[in-house]
> 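Could you have a look at this structure, given as C-alpha cells, before my questions?
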2 protein chains.
Amino acid sequence: MKISKLKPIETLTQVDKIEQSLQDYLDSANLQPGDALPKEVELAQALGVSRTAIREALSRFRTLGIIESRKNRGMLIASPDPLVNFERVMSPKLLNDDTLRDMFELRLVLEVGNCELVFKRKTAEDIEYLESVVDKEEHTAQTPKNSAVLIKYDIDFHSGLYKISGNDTLIRFQKMLMPVFMYSFKKFHPDPKQSILNHEVSHRDLLNTLKKGTVDDFRSKMKKHLRNYYDKIS
Amino acid sequence: MKISKLKPIETLTQVDKIEQSLQDYLDSANLQPGDALPKEVELAQALGVSRTAIREALSRFRTLGIIESRKNRGMLIASPDPLVNFERVMSPKLLNDDTLRDMFELRLVLEVGNCELVFKRKTAEDIEYLESVVDKEEHTAQTPKNSAVLIKYDIDFHSGLYKISGNDTLIRFQKMLMPVFMYSFKKFHPDPKQSILNHEVSHRDLLNTLKKGTVDDFRSKMKKHLRNYYDKIS
DNA sequence: TATTTTAATATGTCGTACATTTTTATTTAA
DNA sequence: TTAAATAAAAATGTACGACATATTAAAATA
C-alpha cells in the first residue's frame with residue numbers, strides 16, 4: 001500500500017468525544033427548537049467528565065447556532081441560520097485556492113440560475129437603476145486609473161441583478177461571495193480595467209438584452225459575460 | 001413607533017466582546033493560514049480576562065475552522081472549508097420554515113444552473129446510469145405502497161445529474177440540501193407517490209431530452225419538472 | 001389573598017492546578 | 001569539539017472549586 005494512503009491516527013481529544021456523544025443524544029432525543037436541554041452539571045455527571053469539558057463541547061453547538069443558552073436559565077435547541085456560519089468564514093485571505101475556486105464556480109452557477117428570476121421579476125425601476133450604473137461605468141472607463149471605481153460599478157451591476165430576483169437567499173449568497181470573487185479576481189487579473197471591460201458581452205449588452213431580448217438570450221449572454229472572468233465553466 | 005420595531009437590548013456577554021476583539025485582531029494583523037497565534041495566556045493578559053473566557057472565544061473560531069490548535073504546541077490560522085459549517089447545521093428538524101424555504105429555493109436555482117454543465121459534460125455512461133434509475137422508478141411506480149423506494153430513485157436521479165457536472169461544490173451542496181428538500185417535501189406533500197410522479201415533465205422526459213434534445217430544451221423542461229415540487233420559483 | 005422577601009437554580013467568569021507532549025536548554029559522553 | 005542523552009520549559013487540554021448574577025420558585029408577611 002502506498003504511504004500516501006496512510007491517514008494520521010485520529011487522536012480525538014476528550015471534548016471531541018463529548019461532542020460526538022452530545023450529537024448522538026441530540027439526534028436520538030428527537031428534540032425540537034425551543035426544547036430545553038439538560039443542565040451542564042447533569043450532562044457532566046452523565047458523561048463522567050468535568051463541567052469545563054462539557055461547556056467547551058456545548059460551546060461548539062452554540063457557535064453553530066444549534067443550541068442557545070440563556071444566562072441563569074438554561075439551554076435550549078435553536079434554529080440555526082446556515083448562512084450565518086457560511087458568512088463568518090468567507091474571508092478571502094483565509095480560504096485556500098481550491099475553496100476559492102469552488103466559491104468562484106458557485107457564484108457563476110448562481111448568477112446563471114438567477115437569470116430566470118431576473119427576467120421574470122424585472123421592473124422599470126430596476127432597469128432604470130441598472131442603466132444609471134452602466135452609464136457611470138462607461139463614463140469612468142474613458143478616463144484612466146479608476147480601477148477601484150470600475151470594480152464598484154461592476155459590483156453594483158451584479159448586485160442589482162440579484163436584488164431583482166427578490167430571493168433573499170440568493171442576495172445573501174451574492175453578498176458574501178462578492179468579496180471572495182473580487183479578491184480572486186485581483187489575484188488573477190492584476191489589471192482590472194482591462195479584465196473587467198474586455199468582455200465579449202458587456203454590461204451594456206446585458207442591459208439591452210434585459211430590456212428588449214428574451215430570457216434565453218439573456219442567459220446566453222450572461223454566460224459569455226462571465227466566461228471572461230473565469231473560463232472553467234462555459 | 002411600533003413596538004415590534006423594538007429590538008431587545010443586546011446584552012453581550014464578556015466572551016462575545018472577547019470574540020469581537022479577537023476578530024478585530026485577526027482582521028488587522030493580516031495573518032495568513034499557517035501563521036501562529038499568541039498563546040492563550042498572552043491573549044488573556046492582553047485583554048485582561050481569564051484564560052477560561054479566552055479559551056471559549058477561541059473555541060468559537062476553532063469550531064468555524066478559522067483557527068487550529070495543536071496540543072502542547074500552539075494555535076495557528078487555518079483555511080476554513082465553508083461548506084463544513086453549512087453541513088453541520090443542515091438538520092431539517094432544526095431549521096425553521098423560512099430557512100427551509102430558502103434552502104428549497106436554493107436547490108432549485110442550483111438545479112437549473114447545473115443544467116448547462118450537465119448537458120456539456122454528459123457521457124454515454126451517465127445516460128446509461130440515469131436510464132437504469134428511471135427504468136426502476138417506473139417499474140416501482142406501478143406497484144402501490146412504495147413511497148420510500150420512489151423517493152430513493154428520485155434522489156438517485158437528481159444526484160446523478162449533479163455528479164455529471166463534475167463540480168464538487170455543486171455535488172456537496174446537493175448532498176446536504178437533499179435531506180432538507182426531502183423533509184420539506186414530506187412535510188408539505190403527505191402522499192409522495194402522487195406528488196413525485198405527477199410531474200408535468202417526468203424524469204423520463206428529462207432523460208430523453210438529455211439524450212436527444214438541446215440544452216435549452218433541457219433547462220426548460222427541468223424548470224417545469226421542478227415547478228411541480230415547489231411553485232415559488234417558476 | 002396579594003405582595004414582598006427569601007431561597008434555590010443555572011449559566012458566566014475566574015483562578016489554580018496538573019497532565020502530557022513538544023520544544024528548548026543543559027549536561028554528559030565519545 | 002561534537003553528538004547523544006537528559007533535564008527543563010512551554011502550551012494546550014482537562015479538572016475542580018468558587019462566586020456573580022439574574023431568573024424562578026418558595027416562603028413569609030401584610
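Here is the naming used below: chain letters follow the sequence lines, and residue numbers restart at 1 for every chain. Model, not experiment: these values are computed from the prediction.
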> Return yes if some donor-acceptor pair links the side-chain N/O of D16(A) with the main-chain N/O of T13(A) below 3.5 Å, else return no.
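Answer holds: yes.
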> Quickly work out the E40(A) CD to dT9(C) C1' distance and round it to whole Å.
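In whole Å, dT9(C) C1' lies 12 Å from E40(A) CD.
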> Atom CG of L47(B) to atom P of dC14(C): distance rounded to whole Å?
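Atom CG in L47(B) sits about 11 Å away from atom P in dC14(C).
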> Rounding to an integer number of Å, can you tell me how far F61(B) CZ sits from dT12(D) C1'?
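After rounding, the gap between these two atoms is 18 Å.
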> Specify the separation, in whole Å, of atom CG of L12(B) and atom C1' of dT11(C).
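Atom-to-atom, L12(B) to dT11(C), this comes out as 16 Å.
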> Grab the CD-P distance between Q14(A) and dC16(D) for me, whole Å please.
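So the two atoms are 10 Å apart, to the nearest Å.
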> By nearest atom, which of the nucleotides dG13(D), dC14(C), dG12(C) is closest to the V49(B) side chain?
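Closest nucleotide to the V49(B) side chain: dC14(C).
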> Is it the case that over 12 heavy atoms from other parts of the model lie below 6.0 angstrom from the CD atom of Q32(B)?
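Result for CD/Q32(B): open.
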> Is the side chain of R121(B) donor-acceptor paired with the backbone N or O of S165(B) at a distance under 3.5 Å, no angle test?
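It does hold such a pair.
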> Of all the choices, dC16(D), dG13(D), dT21(C), which nucleotide is nearest to the side chain of N72(B) once you look at every atom?
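Nearest listed nucleotide: dT21(C).
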> Look at the side chain of R51(B) against the base of dG13(D) and say whether a donor-acceptor pair falls under 3.5 Å; ignore hydrogens and angles.
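Looking at the base of dG13(D), it does pair with a donor or acceptor on the side chain of R51(B) (distance under 3.5 Å).
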> Quick one: E56(A) CD to dT13(C) C1', roughly how many Å, whole number?
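Nearest whole value for this atom pair: 15 Å.
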> Evaluate whether atom NZ of K122(A) has more than 12 neighbouring non-hydrogen atoms of other residues, nucleotides or ligands under 6.0 angstrom away.
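Atom NZ in K122(A) is crowded, with more than 12 foreign heavy atoms closer than 6.0 Å.
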> Pick base, sugar-phosphate or nothing for V41(A), based on heavy-atom distances below 4.0 Å to the nucleic acid.
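It contacts nothing in the nucleic acid.
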> For DNA chain C, whose closest nucleotide is more 5', that of K39(A) or that of S50(B)?
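That would be K39(A).
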> Kindly assign one of parallel, tilted or perpendicular to the pair H203(A) and H225(A), based on the angle between their ring planes and the thresholds 30° and 60°.
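Judged by the thresholds at 30° and 60°, the geometry between H203(A) and H225(A) is tilted.
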> Does dG13(D) have OP1 or OP2 sitting under 4.0 Å from an N or O in the side chain of R55(B)?
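Yes, such a contact exists.
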> Could you state the atom-to-atom distance from CD of E68(B) to P of dA11(D) in whole Å?
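Going from E68(B) (CD) to dA11(D) (P), I get 19 Å.
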> Ignoring backbone atoms, test whether T52(B) places a side-chain nitrogen or oxygen under 4.0 Å from the OP1 or OP2 oxygen of dG12(C).
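False: T52(B) side-chain N/O out of range (4.0 Å or more) of dG12(C) OP1/OP2.
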> Of all the choices, dT24(D), dG12(C), dG13(D), which nucleotide is nearest to the side chain of R73(A) once you look at every atom?
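Between dT24(D), dG12(C), dG13(D), the one nearest the side chain of R73(A) would be dT24(D).
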> What is the nucleic acid contact for T13(A), judged by heavy atoms within less than 4.0 Å: base, sugar-phosphate only, or nothing?
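It contacts sugar-phosphate atoms only.
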> Whole-Å distance between dC18(C) C1' and K71(B) NZ?
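Whole-Å distance recorded here is 12 Å.
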